[in-house]
Amino acid sequence: MKIWAMFRLLAAFLLLSTFSAPANANLEGDALYALRRAVKDPNGVLESWDPTLVDPCTWFHVTCDTDNRVTRLDLGNAKLSGSLVPELGKLERLQYLELYINNLAGPIPEELGGLKSLLSLDLYHNNLTGSIPPSLSKLSNLKFLRLNTNNLTGRIPRELTKLGNLKIFDVSNNDLCGTFPTSGSFSKLSDESFKNNPRLEGPELMGFVRYDVGGSCK
């Protein structure tokens with residue numbers, strides 16, 4: 001009887017494993033396909049993104065781990081236009097989101113703060129607008145955050161100073177305003193990270209200048 005019970009338990013485990021992997025693959029495939037629907041792709045770099053396939057790991061420019069979970073999205077310099085989609089925040093094991101040098105417009109979705117495994121977020125050289133989402137401060141593993149050469153406005157969220165693993169931060173060539181933080185992970189950044197933001201007033205002087213002074217900063 002014990003052997004039969006162990007056999008049934010093993011069979012149930014294998015059945016669960018069989019169904020959970022495709023479920024994750026479908027969820028992540030849906031998230032990626034939402035991006036494909038939101039962009040124009042004149043060079044056909046997303047032609048292999050077939051929503052009828054169970055596994056998005058077979059799509060070009062998508063890398064997966066041994067569990068068939070998406071870990072990289074490499075679409076830099078792909079001449080894509082359109083917008084980012086909040087569904088990208090569902091890629092829980094994504095480590096690299098590379099969408100630099102395209103013509104993407106609109107805001108950065110706050111849902112990207114759900115990418116808990118993310119190491120690199122490269123959205124530079126696009127036409128992104130709006131403010132930098134404070135939710136990006138949840139990306140505790142993030143090492144590289146490059147948002148330079150867009151049309152971003154508003155203040156630099158002070159919550160980002162909590163990113164203890166941050167090595168490179170670049171928001172140069174935008175339209176940010178207010179002061180930039182100098183504490184936490186920002187204490188080792190140079191002024192080059194913030195250059196060419198005409199409305200940016202310089203570093204925050206702790207104890208003397210509050211970052212939120214000036215009601216016109218938007």
Side-chain angles (χ1 to χ4, degrees), residues 24-39 41 46 49 56 59 61-65 69-78 80-176 180-181 184-186 189 193:
N24 287 323
N26 282 329
L27 179 66
E28 297 191 333
D30 290 345
L32 291 174
Y33 198 70
L35 176 64
R36 181 182 176 180
R37 292 195 306 267
V39 300
D41 176 24
L46 304 179
W49 289 27
W59 300 354
H61 311 290
V62 176
T63 303
C64 295
D65 59 17
R69 302 292 297 277
V70 177
T71 58
R72 289 189 68 112
L73 184 57
D74 291 291
L75 289 170
N77 200 18
L80 301 176
S81 61
S83 60
L84 299 172
V85 293
E87 287 86 349
L88 290 174
K90 298 177 181 179
L91 303 175
E92 294 182 349
R93 294 196 192 177
L94 191 69
Q95 297 180 357
Y96 296 88
L97 181 53
E98 309 296 327
L99 286 163
Y100 55 86
I101 314 179
N102 282 293
N103 294 304
L104 299 173
I108 300 172
E110 63 179 23
E111 287 82 1
L112 296 189
L115 298 173
K116 58 186 179 182
S117 301
L118 202 64
L119 301 174
S120 177
L121 178 57
D122 283 327
L123 302 176
Y124 60 88
H125 282 273
N126 278 287
N127 296 304
L128 299 172
T129 56
S131 59
I132 300 172
S135 62
L136 298 185
S137 65
K138 299 177 182 178
L139 304 176
S140 59
N141 294 306
L142 196 66
K143 294 183 178 181
F144 309 104
L145 178 55
R146 287 174 278 228
L147 306 175
N148 51 294
T149 316
N150 279 287
N151 297 305
L152 298 173
T153 56
R155 303 182 187 277
I156 299 171
R158 264 40 189 182
E159 294 91 336
L160 297 181
T161 61
K162 300 175 183 178
L163 294 173
N165 292 307
L166 194 63
K167 304 297 182 185
I168 295 178
F169 177 81
D170 192 348
V171 291
S172 60
N173 299 293
N174 279 288
D175 191 26
L176 300 171
F180 56 81
S185 57
F186 279 57
L189 299 177
S193 299

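Just so you know, these numbers use all the heavy atoms, side chains as well, and skip hydrogens, waters and symmetry mates.
Looking at T71, its side chain never comes within 3.5 Å of a backbone N or O of L94 through a donor-acceptor pair. Side-chain N or O atoms of S185 include none that pairs as donor or acceptor with a backbone N or O of K162 at under 3.5 Å. Judged by distance alone, with hydrogens and angles left aside, the side-chain atoms of R93 form no donor-acceptor pair with the main-chain N or O of L91 at under 3.5 Å. Proximity of a side-chain donor or acceptor of N173 to a complementary backbone N or O of Y124 within less than 3.5 Å is not detected. Distance alone, capped at 3.5 Å, is enough to place a donor-acceptor pair between the N165 side chain and the S140 backbone. Between the side chain of N174 and the main chain of L147, a donor-acceptor pair closer than 3.5 Å is present.
At least one side-chain heavy atom of L27 sits less than 4.5 Å from a side-chain heavy atom of K90. Using a 4.5 Å heavy-atom cutoff, the side chains of L104 and L123 are not in contact. A 4.5 Å side-chain heavy-atom check between L119 and F144 finds every atom pair outside the cut-off. The shortest distance between side-chain heavy atoms of L139 and L112 does not fall below 4.5 Å. A heavy-atom distance below 4.5 Å is found between the side chains of E98 and S120. Residues L160 and P181 have side chains not in contact (no heavy-atom distance under 4.5 Å, counting atoms from C-beta outward). You'll find the side chain of L128 reaches within 4.5 Å of the side chain of L84, heavy atoms only. In this structure, the side chains of I108 and N150 stay at 4.5 Å or more apart for every pair of heavy atoms.
Remark: aromatic rings of F186 and F180 are distant, center separation not under 6.0 Å.
Summarising the geometry of N141 relative to K116, their closest heavy-atom pair is ND2-O, 2.9 Å, with the distance given to 0.1 Å. Taking both residues in full, the closest heavy atoms of R158 and I156 are given as NH1-O, 3.0 Å, listed atom of the first, atom of the second, then distance. Residue G113 comes nearest to K138 through the heavy atom pair O-CB, 3.5 Å, listed as atom of the first residue, atom of the second, then distance. When all heavy atoms of E28 and P56 are compared, the closest pair comes out as C-CG, 4.4 Å. Contact record, P109 with P133: O-CG, 4.2 Å, taken as the closest heavy-atom pair. Closest approach of L35 and L75 over heavy atoms only: CD2-CD1, 4.3 Å.
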(request) Let me see the working for D122 and R146 under salt bridge (charged side-chain N to carboxylate O under 4.0 Å, His left out), right down to the final yes or no. (result) CA-CA 5 Å; D122 283 327; R146 287 174 278 228; 2.6 Å; yes

(request) Show the numbers, then the answer: is there a side-chain contact (heavy atoms from CB on, under 4.5 Å) between I132 and L176? (result) CA-CA 9 Å; I132 300 172; L176 300 171; 4.2 Å; yes

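Ring orientation note: the planes of W49 and W59 are close to parallel, at an angle under 30° on the 30°/60° scale.
The line from CG of L142 to CG of L115 is 9.5 Å long, rounded to the nearest 0.5 Å.
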